[in-house]
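Quick notes on the structure that follows.
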Amino acid sequence: MKLPAGRMTNGIAAITFVAFLLLTLTGQIDNAAIMAGFIPARVEDGTLLAGMAAVPVWLTPITCTLVHANWLHIAFNLFMFVFCGRQVEHVLDKGATLVLYVAGAYGATALQWAIDPHSPNPMVGASGAISAIIATYALLYSQQNVRRIGPLSASLVRALWLAASWIAIQLMIGVATAGGFGDLGQIAIAAHIGGFLMGLALTRPLLRWRFRKRSQPLS
């Protein structure tokens, strides 16, 4: 299968990989996780990293996407991103793909904060932002025939089914890696869900923006 070209997707992937490579070669991954990762407790406690050269908390939803724990982490994330991202970009174009990725990053960290607002543990990785791309990919390329249910349109039913399926998968992953519902382990399950929900919510508006009718010049 030949993937369509995707300059924005390729650019984001390249920047993410270069950042990981530099941090790995310099042995700064742990420091970067603290300084550039998203720490939920920082949202309400601005003094948490006072006196340290930490990235402003409002920017950490973006900078945390550039920090990955290890080679497996970066490889899996970039594989999923390039595969889904190029096909999403083929439909939405560069600008909308960037908007979707950034919004996914903020949606991911927002839900992660909402679930555990006082957590001092840094969240790193691009999987939350990539989850938004995966959601749009699923909506755009889903072949499943879905019928409307009462007042719910077919497109809304499809989105709800995808959301429910994704949440169920993430919860199963969390339980499998933690051994129970009491502790969902080290995987940012809430971030994956938040990013995915953001992608579902933005797909139709971004499609309308991409294919909006432009006024024709008068001759």
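Only this structure's heavy atoms are used, side chains among them; waters, hydrogens and symmetry mates stay out.
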Output all residues satisfying ring pair (Phe, Tyr, Trp, His ring centres under 6.0 Å) with His90, sequence neighbours left out; order by chain, then residue number.
none
Partners of Phe38 by ring pair (Phe, Tyr, Trp, His ring centres under 6.0 Å), sequence neighbours excluded?
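Partners of Phe38 by the ring pair (Phe, Tyr, Trp, His ring centres under 6.0 Å) criterion come out as none, since no residue qualifies.
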Over all heavy atoms of both residues, which pair between [X] and [Y] is shortest? Give the atoms and the distance, please.
{"X": "Gly128", "Y": "Ala108", "answer": "CA-CB, 3.6 Å"}
{"X": "Ala105", "Y": "Pro61", "answer": "CB-O, 3.5 Å"}
{"X": "Gly125", "Y": "His68", "answer": "CA-NE2, 3.7 Å"}

Does anything in residues 99-128 pair up under ring-ring contact (aromatic ring centres under 6.0 Å, His included), and if so which pairs, sequence neighbours excluded?
Phe81-Tyr101
Write out all pairs satisfying ring-ring contact (aromatic ring centres under 6.0 Å, His included) with one or both partners inside residues 42-61, taking only residues at least two apart or from two chains.
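Listed by first then second residue: nothing to list.
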Please state whether the rings of Tyr141 and Tyr137 are parallel, tilted or perpendicular, taking 30° and 60° as the class boundaries.
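Taking Tyr137 first and then Tyr141, their aromatic rings sit tilted (interplane angle of 30° to 60°).
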Please list, chain by chain and in numerical order, all residues satisfying side-chain hydrogen bond (donor to acceptor under 3.5 Å, both in side chains) with [X], sequence neighbours excluded.
{"X": "Thr60", "answer": "none"}
{"X": "Thr109", "answer": "none"}
{"X": "Gln28", "answer": "Asn31"}

Any non-hydrogen side-chain atom of [X] less than 4.5 Å from a side-chain atom of [Y]?
{"X": "Asp30", "Y": "Ile34", "value": "no"}
{"X": "Asp116", "Y": "Pro40", "value": "no"}
{"X": "Ile134", "Y": "Met80", "value": "yes"}

Identify every side-chain donor-acceptor pair in residues 4-25 under 3.5 Å, counting partners at least two apart or on other chains, and give the distances.
from, atom 1, to, atom 2, distance (Å)
Thr9, OG1, Gly85, O, 3.2
Thr9, OG1, Glu89, OE1, 2.8
Asn10, OD1, Arg86, NE, 3.1
Asn10, OD1, Arg86, NH2, 3.2
Asn10, ND2, Gly6, O, 3.2
Thr16, OG1, Ile12, O, 2.7
Thr24, OG1, Phe20, O, 2.8

Could you pull out every donor-acceptor pair under 3.5 Å between side chains of residues 43-53 and any protein atom, sequence neighbours left out?
from, atom 1, to, atom 2, distance (Å)
Asp45, OD1, Thr47, N, 3.1
Asp45, OD1, Thr47, OG1, 2.6

List the atom pairs, donor and acceptor, that lie under 3.5 Å between side-chain atoms in residues 91-100 and the rest of the protein, sequence neighbours left out.
from, atom 1, to, atom 2, distance (Å)
Thr97, OG1, Asp93, O, 2.7

Output yes when a side-chain donor or acceptor of Thr65 lies under 3.5 Å from a complementary backbone atom of Ile62, and no otherwise.
yes
Going by the rule side chain to side chain contact (heavy atoms under 4.5 Å, CB included), which residues pair with Leu197 if we only count those two or more places apart in sequence or in a different chain?
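Side chain to side chain contact (heavy atoms under 4.5 Å, CB included) check on Leu197 returns Ala163, Ile193, Leu200.
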All side chain to side chain contact (heavy atoms under 4.5 Å, CB included) counterparts of Ser127, not counting sequence neighbours:
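Side chain to side chain contact (heavy atoms under 4.5 Å, CB included) check on Ser127 returns Asn77, His192.
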